[in-house]
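Here the structure is a predicted model, which means the values were calculated and not measured.
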Amino acid sequence: MSFYGRVFDTTAYPYSAIVSIDVAYPDGSGVTGSGAVVGRNDVLTTAHVVQPDDGSEVHTIEVTPAYDDGQAPFGKYEASHWTWYTIDEDGVGLLDRE
């Protein structure tokens, strides 16, 4: 239940399907983003969360469902693989899979 934008129980659906995504790079830096659980083992997020602008490698991706102010009621999970699609740069109307 929410009140003025604040979600009081992130373990209740649909809030439990929102995840925090922590991406770590080999050099020790990283970024945090968000996503949504869309399948038993699938999370949807934007490509820029899982693919650095400079094309560098990603070391690990950690997904935390229902994350709230330091609390991880369902634990944290390391992604086993990930993929992304780029914008249609050649103009034929199709996404290019990386």
Pairs touching residues 63-72 that satisfy side-chain hydrogen bond (donor to acceptor under 3.5 Å, both in side chains), sequence neighbours left out: Arg6-Asp68

All side chain to side chain contact (heavy atoms under 4.5 Å, CB included) counterparts of Ala24, not counting sequence neighbours: Thr60

Identify each donor-acceptor pair in which a side-chain atom of residues 29-39 lies under 3.5 Å from a protein atom, sequence neighbours left out, and give them as a table.
{"unit_1": "Ser29", "atom_1": "OG", "unit_2": "Asp27", "atom_2": "OD1", "d": "2.6"}
{"unit_1": "Thr32", "atom_1": "OG1", "unit_2": "Asp22", "atom_2": "OD1", "d": "2.7"}

Connected via hydrophobic side-chain network under 4.5 Å: Trp82 and Val23: yes

By side chain to side chain contact (heavy atoms under 4.5 Å, CB included) - contacts of Val63 (at least two apart): Val19, Val43, Ile61

Heavy-atom check, side chain of Phe74 versus side chain of Thr11, under 4.5 Å: yes

Listed partners of Pro26 passing side chain to side chain contact (heavy atoms under 4.5 Å, CB included), at least two apart: Glu57, His59

With Tyr77 via side chain to side chain contact (heavy atoms under 4.5 Å, CB included) - residues at least two apart: Pro65

Within residues 36-45 or reaching into it, pairs that qualify as side-chain hydrogen bond (donor to acceptor under 3.5 Å, both in side chains) - sequence neighbours excluded: none

Partners passing side chain to side chain donor-acceptor pair (under 3.5 Å) against His48 (at least two apart in sequence or in another chain): Thr46

